[in-house]
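The structure under discussion appears below in the form of structure tokens.
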Amino acid sequence: MTKKKTKGKSKTLQETIIEVCLKRGIVFPTAEIYGGSAGFFELGPVGEALRQNMIDLWRDTFIKSEDNVYEISGSTILPEKVFEASGHLDSFNDPLTQCQNCKSMYRVDHLILEQVGIKVEGQSLDDMWKVIQDNRIKCPNCKHDLSPPKQFNMMFSTNIGSTSGNIGYLRPETAQNIFLSFRRVSHSMRAKLPFGIAQIGRAYRNEISPRNFLVRLRELQQMELEMFVDPDLLNSHPRWDDFQDTEINFLSQEAQEKGDKATFITIKEGIDSGLIVNQYLGYFLAMETGFIESLGIKKGKFFFRHLLDHETAHYSKANYDLEIEFPFGVVECVGLAYRTDYDLRKHQEKSKTKLHISEDGKKIIPHVVEPSFGVDRLIYAILLASYREGDRDWTWFDFPNSLAPWEVVVAPLQRKDGLPEGARELFWELKDQGIDAIYDQTGQIGKRYARSDEIGIPLVITYDYDSLEDDTVTLRERNSMKQVRIPIQDVGTIIREFMLDIVSWDEMTKEFGEFIKNSK
RNA sequence: GCAUCAGUAGUGAAAUGGUUAUCACUCGUGCUUCCCAAGCACGCGAUCCGGGUUCGAUUCCCGGCUGGUGCACCA
């Protein structure tokens, strides 16, 4: 953690980002006019544009570029049986006890295991209370008496319909819908292993203590993919040759125990040494690396942490968290879990519905490899990674072009002499061409450049007096603050090529020459 | 959930048990042929919520909400 807030002194990066978010309509607290509600945030126009652009990028990468991944959209409220089967009802119900004196809270089962070595996980509260009393377990902190254990449920519950007793829960992860609709999707798509089902949507967790802006939320958004694979073929990924040499930044369990840093390894090295459990996990480690880089986050700034055994969820046989480094600490943004056949088996048992795939006369319950992305945390990570300050009087976001909230601002140099009319005409022309433009004629031109930079719009077109004469406009680029003068009829094409990274800004200035204002 | 600090225009700050709560920037309108938050004029805009003490509370007290930090928690 860095620095303190003391009047007029330096602010943390987090405080700075939050300030810009409020000011520029990126993110703000839910129900703010009523004092807000912890753990909930709303995206403003700029934040929502970022979110949509990131989701598009994810869909392109993890669904559209694959030959057999199908996207669904499931309900956010699910009946209780689902979570009895999935294990969330047991595992999500943490039994807690509190010290009567110092008020410290403890997970009862963890405390008992640690103090007297007895495993009580899954036992009733009364039984656990008995173990505490029989063994005279006291508060490890101050040695005083503990309270009887209480359940704390991390899932939001509700009643379905008018009768009580039909309990539903807001899903704590999007993944369960995928297992529930597995049979329908695999049949309707006539899917053959390996195939994937993806979902982008909201999930809910009643966190005890929401913290750190968009990091720990009670309502969150996920982009999840469940890849279903024949368990005998987990080490026969069809594209092995394409990704085996991809380098990833990896923090092994052993390195964590020694306190070492993450190091770069290739996927092949990871597989050969057993650090990466199978090729499908390796594939997604490589894919996740590429995706995060495309968000403008540098390869050395994030790493995969192989979770320690006690941190690994009840359903998972191996878990790799993608953690991104920032001045105040790391933000965990993506998980990669090897869920094996846990979920399908549990749902098969509970629902009495066959959840296998028939192939070559064999009945296979596929194993599941699950990359799971936290949308909100990634938005935060993008903001942090793109935030810039320096050679100008305002701050800006250096978003990758594909994430920018708008592609271009169209601005008349002044609000008179026919300039607004000309600029307006160009603005509508660009819209017709499918360019995501926004019009701004308020205030002086420099102020409009600043505002545009501040929400990370890469380009500004200025329609000036010369435009009236010769049908050219200036095009300004955010990062260099340099301009070129280009013919109006080519503007749409030029913007498109720049936004798709077909033509770089350097190439553009070479072709058109840098425009210097003819002062006075 | 515990402890602790904090909450004043959009943002950042100032002040006060008593007339109309101050300032900067932002924002809006106008002027200035004006290409990187220039200048001038005018304008909009705030004491987190509830209760108590008091003739009077933004200020003092209590409770809540929200945020920072530490602990705990994070399937």
Side-chain angles (χ1 to χ4, degrees), chain A residues 1 3-8 11-12 14-16 18-25 28-40 83 86-94 96-99 101-107 110-111 121 140-141 147 150 152-155 172-173 205-213 215-218 311-316 319 328 332 337 391-396 411-417 419 442-454 460-466 468 473-474 476 478 480-483 485 515-520:
Chain A
M1 299 290 155
K3 57 200 115 160
K4 282 280 75 155
K5 181 181 173 178
T6 31
K7 314 209 163 188
K11 269 180 251 169
T12 64
Q14 174 161 289
E15 286 167 328
T16 308
I18 291 173
E19 211 176 296
V20 182
C21 282
L22 293 172
K23 191 172 158 196
R24 291 295 172 209
F28 34 78
T30 290
E32 194 181 5
I33 60 171
Y34 290 105
S37 185
F40 298 92
F83 301 109
S86 70
H88 285 92
L89 213 50
D90 294 333
S91 318
F92 236 61
N93 260 329
D94 288 344
L96 297 180
T97 182
Q98 187 172 33
C99 171
N101 179 51
C102 72
K103 308 295 182 194
S104 299
M105 301 285 289
Y106 303 96
R107 263 290 284 270
H110 289 181
L111 184 69
E121 208 180 325
N141 184 32
S147 71
K150 282 185 301 196
F152 182 78
N153 194 336
M154 293 278 288
M155 284 195 289
E173 58 173 7
R205 303 173 184 193
N206 201 0
E207 295 287 352
I208 296 171
S209 171
R211 282 287 163 88
N212 288 72
F213 195 40
V215 174
R216 202 184 310 168
L217 299 175
R218 292 190 167 127
E311 295 176 306
T312 306
H314 66 274
Y315 52 71
S316 178
N319 226 308
F328 57 84
E332 313 137 46
D391 63 350
R392 53 194 99 167
D393 293 336
W394 54 93
T395 69
W396 72 104
L413 182 63
Q414 287 187 55
R415 208 198 308 202
K416 59 181 187 181
D417 300 332
L419 299 181
T442 328
Q444 294 182 59
I445 192 67
K447 187 166 285 189
R448 283 175 269 163
Y449 292 147
R451 275 199 298 250
S452 169
D453 288 353
E454 210 167 13
V460 183
I461 287 170
T462 308
Y463 191 99
D464 61 12
Y465 287 95
D466 289 342
L468 293 168
V473 288
T474 64
R476 170 192 182 271
R478 175 192 65 212
S480 62
M481 296 198 292
K482 299 257 172 70
Q483 289 177 293
R485 180 168 279 280
F515 168 76
I516 313 283
K517 62 160 183 168
N518 37 353
S519 50
K520 288 290 121 64

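Residue numbers begin at 1 in each chain, while the letters A, B, ... track the order of the sequences. Because only heavy atoms are used, hydrogens play no part in the values below, and waters and symmetry mates are left out as well, while side chains stay in.
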Rounded to whole angstrom units, what separation is found between the [atom1] atom of [X] and the [atom2] atom of [N]?
X      : N     : atom1 : atom2 : result
A:M154 : B:G1  : CE    : C1'   : 13 Å
A:R216 : B:G68 : CZ    : C1'   : 14 Å
A:F213 : B:U69 : CZ    : C1'   : 18 Å
A:E32  : B:U66 : CD    : C1'   : 10 Å
A:D393 : B:U11 : CG    : P     : 22 Å
A:E15  : B:G7  : CD    : P     : 14 Å
A:Q483 : B:C34 : CD    : P     : 17 Å
A:L217 : B:G67 : CG    : P     : 11 Å

Less than 4.0 Å between a side-chain N and a carboxylate O, is that true for [Y] and [X]?
X      : Y      : result
A:E454 : A:R24  : yes
A:D453 : A:R476 : yes
A:R485 : A:D464 : yes

In whole Å, measure the gap between the [atom1] atoms of [N] and [M] for me.
N     : M     : atom1 : answer
B:A14 : B:A9  : P     : 13 Å
B:U59 : B:A6  : C1'   : 15 Å
B:C2  : B:A75 : C1'   : 22 Å
B:U54 : B:C65 : C1'   : 26 Å
B:C23 : B:U16 : C1'   : 15 Å
B:U8  : B:G45 : C1'   : 13 Å
B:U47 : B:G17 : C1'   : 15 Å
B:A46 : B:U22 : C1'   : 12 Å

Under-3.5 Å donor-acceptor pair between [X] side chain and [N] base:
X      : N     : answer
A:R448 : B:C35 : no
A:Y449 : B:C35 : yes
A:R211 : B:G70 : yes
A:R476 : B:C36 : yes

*Short question: side chain of A:R218, backbone of A:E207 - any donor-acceptor pair under 3.5 Å?*
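Checking the backbone N and O of A:E207 against the side chain of A:R218, a donor-acceptor pair under 3.5 Å is found.
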
*Ignoring hydrogens and geometry, is there a side-chain-to-backbone donor-acceptor pair from A:R448 to A:A411 under 3.5 Å?*
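It does not hold such a pair.
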
*Determine, stepwise, if the pair A:Y463 / A:T474 fulfils side chain to side chain donor-acceptor pair (under 3.5 Å).*
CA-CA 7 Å; A:Y463 191 99; A:T474 64; over 6 Å; no

Of all the nucleotides listed ([options]), which has the minimum atom distance to the side chain of [X]?
X      : options             : result
A:E173 : B:U32, B:G1, B:A75  : B:A75
A:Y465 : B:A72, B:U33, B:C36 : B:U33
A:E19  : B:G12, B:C35, B:U33 : B:G12
A:A38  : B:U66, B:C36, B:C73 : B:U66
A:Q14  : B:G1, B:G68, B:C36  : B:G68
A:E207 : B:A72, B:C36, B:C74 : B:C74

*Could you pull out the closest heavy-atom pair between A:T462 and A:V473, with the gap in Å?*
O-CB, 3.6 Å

*Might you point out which heavy atoms bring A:R205 and A:P172 nearest each other, and give the distance in Å?*
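Distance-wise, the nearest heavy atoms are NE-O, 2.9 Å.
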
Could you check which nucleotide pairs with [N] in any of the strands shown, counting Watson-Crick or G-U wobble with both distances under 3.5 Å?
N     : result
B:A15 : none
B:C2  : B:G70
B:G30 : B:C40
B:A21 : none
B:U47 : none
B:C60 : B:G52

*Does any non-hydrogen side-chain atom of A:S37 lie less than 4.5 Å from one of A:F40?*
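The answer is yes; the side chains approach within 4.5 Å.
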
What is the nucleic acid contact for [X], judged by heavy atoms within less than 4.0 Å: base, sugar-phosphate only, or nothing?
X      : result
A:S37  : sugar-phosphate
A:D417 : nothing
A:E454 : base

_Interatomic distance, A:K482 atom NZ to A:I516 atom CD1 [nearest 0.5 angstrom]_ = 8.0 Å

*For A:W394 and for A:L22, find the nucleotide of RNA chain B with the closest heavy atom, then tell me which residue's nucleotide is more 5'.*
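The residue whose closest nucleotide sits nearer the 5' end is A:L22.
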
*With nearest nucleotides of RNA chain B determined for A:K416 and A:G36 from heavy-atom distances, which residue corresponds to the more 5′ nucleotide?*
A:K416

*How does each nucleotide of nucleotides 24-31 of chain B score, in 5' to 3' order, for protein heavy atoms under 4.0 Å: base (B), sugar-phosphate only (S), or none (-)?*
--SSSSS-

